[in-house]
S.K.: 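The structure's right below; bear with me while I get my questions together.
Computed over heavy atoms, backbone and side chain alike; hydrogens, waters and symmetry mates excluded. Below, chain A is the first sequence line, B the second, and so on; all start at residue 1.
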Amino acid sequence: MSSAIAGALLQARERGLLQSTCFPRPAVDFPRKEEWGDLSSGVAMVVAKQENRSPLEVAQVIAEQLKTTCPLVKTVSVAPPGFLNVTLRPDCWFAVLEAIERMGDRYGHSDVGRGQRVLLEFVSANPTGPLHMGHGRGAALGEALARLLKSSGYAVDKEYYINDAGRQMKLLADSVYARYLAMHGRECVVPEDGYHGDYLKDLTQAVVQEQGDRLLTAGPEDARRTCGELAAQKLVREIREDLVRFGVEFETWYSEASLFSSGKIREALADLEQRGLVFAKDGATWFRSSQFQDEKDRVVCKQDGHYTYLASDIAYHFDKLRRGYDWLINVWGADHHGYVPRMQAAIQAFGHAKERLRVVLVQMVRLLRGGKTIEMSKRAGEFVTLRGVVDEVGADAAKFFFLMRRSDTHLEFDLELAKQQSAENPVYYVQYAHARLVSLFRTARDRGVPVPAVGEASLAALRQPEEIRLIKHLSGFPGMLEASARELAPHRITFYLQELAGLLHVFYYKHRVLPSQSDGVEDPECNDRETFDVSNESVRVSRTVTIARLVLLKQVQVILRNGLGLLGVTAPEKM
RNA sequence: GCGCCUGUAGCUCAGUGGAUAGAGCACUGGCCUCCGGAGCCAGGUGCCGCAGGUUCAAAUCCUGCCAGGCGCGCCA
């Protein structure tokens, strides 16, 4: 339509109705109100300025041209202060149904990614404890982003970066070792800044099971290391299980420790050194990140000779780039936002545009039960685990809730609401819409009513406003996905689906699809016409209307399934 | 002190520079002999944090304030 209006503008100039030599690309969008037509544009107001004429006048000129040039247009009207409101011919809408049937599960998919490779890194929690709600939000988001980007033509790999090196791991090892000693009646203290959660017991138990009391005789350093390694292994295994149960799996699990052993950190830093971006000061080694947009330089190797976390991260991202990824996307907790500039500096240091790395920040989750906040204290090891939540409300509800808000805003997650099986619960509202349709088609089959292909139906029978609204909303699916992918914002999908489900329920309440059973034989009198009169208790639908509606609803079902699928949420046949 | 994020209806939140700013929840009252009532309908609410600016047009862009959150380590 945008190009149609552009064409109208050019034609108007050719005919001497407009003077300008160049026109802006006409912006077209869906008007807020139905009375304003199907599409609208404000170009006239921009053009009016350069033409030095009133917007209404210019709009009028464009409208005239558009009517004659564009066959899709049914009517064009002009509204103050200068909007063009276009109403399309009904066939345009019916074409949407054909497209959905033709494309099926791929409707709305695109090729904007052109097969470019994306490495999507998310969750990446330290293996020092079970996953909690914040990780769950990141997991749901990452999974949805992966599916969304794949649907947009990107080749996506999901990766979990295991932070199995550094201080936190040392503390874990200390904590487990201390408990191990305690379990064998030796005196010991769990370090104050170590880990104290109940899960430490299980970890220690596992170490005992595997090693017995062998570690008592080993040197303390070896024993400590063994404790740490075994604990971390077990935790990674459990994290992986939790994620599988949540419906999230990764292509690769990348170990930070491996960056040390493989020499990749040294390599990456050597590369930076060659580029003159590393220098020594105060006995430490620094990365000259201020040369890019970072506010100051950063230490990569401490005075004591150990690498900093940044060093591993630089090496890790260097490695990602070397593996041939065109785009790197990281899902991080919002408390790491200050880290973004220095990571982008690293990307630039290796000679790439900083846009190559996009970081999606995820804000905290506030957990409620029946409106009351559940306090969590990570220090005391008391927090609600992802596993606990998934067990309680189910993976579907949990994912949907995590994805209902923009990722960079705080999220309220009410466990009672997520469990509720009613219209107040958005997940059920949407899933119910799908199950309801499945059930409808089941009934249709049982009654011997065929569900034909789009081509076999007389779609012109779809004239009720509720039907047209449904079709229009279906037509918005591809655009919504495109925006969602561009902005890395899958919450748009949840809103879209709630709206679609709402439109369906309204339609379904108001109109019949299958002929009433008592109606038995088709009534020739009501051919091509629907009567719905509650007071008379007569409900009749012609065969033509039944078929057209079944065809329409089939496509609604496809979109509900596709949309839920992109969120990683199931579309149940029955509930 | 500096930086980032957020400020929209009673609550939780949508809102690619466009028209009279929306949804869900909560509240009140209705609607099931027939395709799933896990549903539908009807009721009202806003100095879009404040003040300037850019624009034909600002919740949206710019500047300055105010409030809340987060960050500002040779921690990860």
Side-chain angles (χ1 to χ4, degrees), chain A residues 27 29 31-33 36 40-42 44-46 48-49 54-55 79-83 85 126 128 163 165-169 171 256 281-286 295-296 298-304 306-310 312-313 333-341 361 363-364 371 404-406 408-412 414 417 420-426 428-429 431-433 435-444 446-447 449 479 482-483 486-487 491-492 494-495 498-499 502 504-519 534 537 539 541 546 549-550 553 574-575:
Chain A
D29 51 10
R32 217 155 22 77
K33 299 207 171 180
W36 298 340
S40 72
S41 176
M45 289 175 281
V46 184
K49 176 90 172 169
S54 94
F83 287 101
N85 288 331
N126 289 338
T128 53
N163 295 126
R167 187 179 133 79
Q168 300 306 318
M169 292 312 298
L171 284 173
E256 180 187 1
K281 194 180 89 181
D282 306 334
T285 309
W286 300 67
E295 54 190 9
K296 54 182 174 186
R298 311 285 173 179
V299 171
V300 286
C301 189
K302 299 181 263 182
Q303 281 179 344
D304 65 8
H306 288 100
Y307 291 120
T308 61
Y309 178 80
L310 177 64
S312 0
D313 243 351
D335 52 344
H336 289 74
H337 66 81
Y339 208 75
V340 176
L361 297 173
Q363 269 294 359
M364 309 236 300
M404 274 197 311
R405 302 284 175 249
R406 256 174 39 203
D408 61 354
T409 62
H410 290 262
L411 169 74
E412 289 204 348
D414 194 316
L417 178 59
Q420 222 169 85
Q421 312 209 339
S422 73
E424 291 131 57
N425 184 344
Y428 282 90
Y429 188 76
Q431 287 187 317
Y432 175 62
R436 209 177 189 185
L437 288 179
V438 173
S439 166
L440 172 71
F441 291 118
R442 197 161 41 227
T443 309
D446 292 348
R447 294 195 193 166
V449 181
E482 193 198 316
R486 190 178 54 239
E487 298 163 19
H491 74 278
R492 286 172 171 276
T494 65
F495 280 89
Q498 290 179 76
E499 227 170 292
L504 171 73
H505 289 312
V506 172
F507 162 80
Y508 203 75
Y509 175 79
K510 217 161 164 182
H511 302 288
R512 274 202 76 78
V513 177
L514 301 176
S516 175
Q517 268 186 304
S518 58
D519 230 17
V534 179
E537 290 177 18
V539 178
V541 201
T546 291
R549 287 186 177 162
L550 284 171
L553 295 183
K574 261 188 231 181
M575 297 175 70

S.K.: Return whichever of A/Gly166 or A/Leu437 has its heavy-atom-nearest nucleotide of RNA chain B closer to the 5' end.
M.R.: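 The residue whose closest nucleotide sits nearer the 5' end is A/Leu437.
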S.K.: Could you give the CG-to-P distance, from A/Leu553 to B/G39, as a whole number of Å?
M.R.: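 In whole Å, B/G39 P and A/Leu553 CG are 18 Å from each other.
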S.K.: Using nucleotides 72-75 of chain B, report all nitrogen or oxygen pairs with the protein that are shorter than 3.5 Å.
M.R.:
residue, atom, partner, partner atom, Å
B/C74, O2, A/Gln303, N, 2.8
B/C74, N4, A/Asp282, O, 3.1
B/C74, N4, A/Gln303, NE2, 3.4
B/C75, OP2, A/Lys302, NZ, 2.9

S.K.: Could you report the tightest heavy-atom contact between A/Thr128 and A/Gln168, atom names first, then the distance?
M.R.: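 Minimum heavy-atom separation between A/Thr128 and A/Gln168: CG2-O, 3.9 Å.
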S.K.: Is B/C34 in the syn range, within 90° of 0, or in the anti range?
M.R.: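 Base orientation relative to the sugar is anti.
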S.K.: Report the base-pairing partner of B/G71 (Watson-Crick or G-U wobble, both distances below 3.5 angstrom), or none.
M.R.: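 The base-pairing partner of B/G71, which may sit in any strand shown, is B/C2.
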S.K.: Please tell me whether A/Glu256 and A/Ser312 have a donor and an acceptor in their side chains that are separated by less than 3.5 angstrom.
M.R.: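 Side-chain D/A pair, A/Glu256 to A/Ser312: present.
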S.K.: Are A/Leu553 and A/Leu504 packed together at the side-chain level, in the sense that at least one heavy-atom pair is separated by less than 4.5 angstrom?
M.R.: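 The answer is yes; the side chains approach within 4.5 Å.
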S.K.: Determine the contact category for A/Arg492: base if any of its heavy atoms lies under 4.0 Å from a base atom, sugar-phosphate if only primed atoms, P, OP1 or OP2 are that close, otherwise nothing.
M.R.: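 Sugar-phosphate, no base atom in range.
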S.K.: Using whole Å, report how far CZ of A/Phe507 lies from C1' of B/G36.
M.R.: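 From A/Phe507 CZ to B/G36 C1': 15 Å.
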S.K.: I'd like to check, for A/Tyr432, whether its ring lies over the base of B/G36 with centroids under 5.5 Å apart and a plane angle smaller than 30°.
M.R.: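 Answer is no, no stack.
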S.K.: Give A/Ser40 one of three labels, base, sugar-phosphate or nothing, depending on what nucleic acid heavy atoms sit under 4.0 Å from its own.
M.R.: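 Base, at least one base atom sits under 4.0 Å.
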S.K.: Mind calculating the distance between OH (A/Tyr508) and P (B/A38) to the nearest angstrom?
M.R.: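 Distance, rounded to whole Å: 13 Å.
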S.K.: Any strand is fair game: report the nucleotide pairing with B/G64 by Watson-Crick or G-U wobble, both distances under 3.5 Å, or none.
M.R.: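 Partner of B/G64: B/C50.
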S.K.: Without swapping roles, check the side chain of A/Gln303 against the backbone of A/Asp282 for a donor-acceptor pair under 3.5 Å.
M.R.: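 Checked: pair present.
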S.K.: Taking only side-chain N and O atoms of A/Tyr429, does any of them lie within less than 4.0 angstrom of OP1 or OP2 on B/C40?
M.R.: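 It does, given that an N or O in the side chain of A/Tyr429 lies less than 4.0 Å from OP1 or OP2 of B/C40.
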S.K.: May I ask you to say what A/Ala165 touches in the nucleic acid, namely base, sugar-phosphate or nothing, with a heavy-atom cut-off under 4.0 Å?
M.R.: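 Sugar-phosphate contact only - A/Ala165 comes under 4.0 Å of backbone atoms but never of a base.
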S.K.: Using a 4.0 Å heavy-atom cut-off, does A/Asp414 contact any base of the nucleic acid, only the sugar-phosphate backbone, or nothing at all?
M.R.: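 Answer is nothing: A/Asp414 stays at 4.0 Å or more from every strand.
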S.K.: Can you name the nearest heavy-atom pair linking A/Met404 to A/Thr494, along with the distance?
M.R.: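 Smallest interatomic distance, heavy atoms only, reads CA-OG1, 3.6 Å.
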S.K.: Let me know the distance between OH of A/Tyr509 and P of B/C31, rounded to the nearest Å.
M.R.: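 Rounding to the nearest Å, OH of A/Tyr509 and P of B/C31 are 10 Å apart.
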S.K.: What is the nucleic acid contact for A/Ala79, judged by heavy atoms within less than 4.0 Å: base, sugar-phosphate only, or nothing?
M.R.: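 Touches a base.
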S.K.: Under 4.0 Å from OP1 or OP2 of B/G15: is there any side-chain N or O of A/Arg32 that close?
M.R.: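 Checking B/G15 against A/Arg32, no side-chain N or O comes under 4.0 Å of OP1 or OP2.
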S.K.: Under 3.5 Å, which N/O atoms of the protein pair with N/O atoms of nucleotides 6-11 of chain B?
M.R.:
residue, atom, partner, partner atom, Å
B/U6, OP1, A/Arg406, NH2, 3.0

S.K.: Between A/Thr285 and A/Tyr307, is there a side-chain heavy-atom distance shorter than 4.5 Å?
M.R.: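 Counting from C-beta outward, A/Tyr307 and A/Thr285 never come under 4.5 Å.
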S.K.: Would you kindly give the CZ-to-C1' distance between A/Phe83 and B/A57, to the nearest whole Å?
M.R.: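 Interatomic distance, CZ of A/Phe83 to C1' of B/A57: 8 Å.
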S.K.: May I ask you to say what A/Val513 touches in the nucleic acid, namely base, sugar-phosphate or nothing, with a heavy-atom cut-off under 4.0 Å?
M.R.: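 Result for A/Val513 = base.
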S.K.: Identify the heavy atoms of A/Ser40 and A/Asn85 that sit nearest to each other, and give their distance.
M.R.: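 Looking at all heavy atoms of both residues, the closest pair is CB-OD1, 3.1 Å.
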S.K.: Could you check whether A/His336 and the base of B/A76 form a stacked pair, meaning centres closer than 5.5 Å and planes differing by less than 30°?
M.R.: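 Whether judged by distance or by angle, A/His336 passes, so it stacks on the base of B/A76.
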S.K.: Has the side chain of A/Asn85 got a donor or acceptor that lies under 3.5 Å from a partner of the other kind on the base of B/A19?
M.R.: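 Counting by modelled atom types and ignoring angles, a donor-acceptor contact under 3.5 Å is found here.
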S.K.: Write down the partner of B/U16 under the Watson-Crick or G-U wobble criteria, each distance required to be under 3.5 Å.
M.R.: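 Base partner found: none.
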S.K.: Give a yes/no on whether any side-chain N or O of A/Ser439 is located under 4.0 angstrom from OP1 or OP2 of B/G36.
M.R.: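 Result: yes.
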S.K.: If you define the side chain from C-beta out and look only at heavy atoms, does anything of A/Val513 sit under 4.5 Å from A/Phe507?
M.R.: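 A side-chain contact exists here, since the closest heavy-atom pair is under 4.5 Å.
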S.K.: Whom does B/C32 pair with, Watson-Crick or G-U wobble, provided both distances fall under 3.5 Å?
M.R.: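 Base partner found: none.
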S.K.: In whole Å, I'd like the distance from the CZ atom of A/Arg436 to the C1' atom of B/C35.
M.R.: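 Distance, rounded to whole Å: 9 Å.
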S.K.: Using whole Å, report how far OH of A/Tyr428 lies from P of B/G39.
M.R.: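 Result: 12 Å.
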S.K.: Which residue, A/Met364 or A/Thr443, contacts RNA chain B at a nucleotide closer to its 5' end, judged by nearest heavy atom?
M.R.: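 On the 5' side of the pair lies A/Thr443.
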S.K.: Could you list the protein-to-nucleotides 54-56 of chain B atom pairs, N/O on both sides, closer than 3.5 Å?
M.R.:
residue, atom, partner, partner atom, Å
B/C56, OP1, A/Lys49, NZ, 2.2

S.K.: With respect to the phosphate group of B/C35, does any side-chain polar atom (N or O) of A/Arg549 fall under 4.0 Å of OP1 or OP2?
M.R.: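 No, no such contact exists.
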S.K.: Partner lookup for B/A9, please. Criteria are Watson-Crick or G-U wobble with both distances under 3.5 angstrom; report none if nothing qualifies.
M.R.: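 None - no nucleotide pairs with B/A9, as no candidate has both distances under 3.5 Å.
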S.K.: When you measure only distances, ignoring hydrogens and angles, does the side chain of A/His337 come within 3.5 Å of the base of B/C5 through a donor and an acceptor?
M.R.: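 Between B/C5 and A/His337, which were checked side chain against base, a qualifying N/O pair under 3.5 Å is absent.
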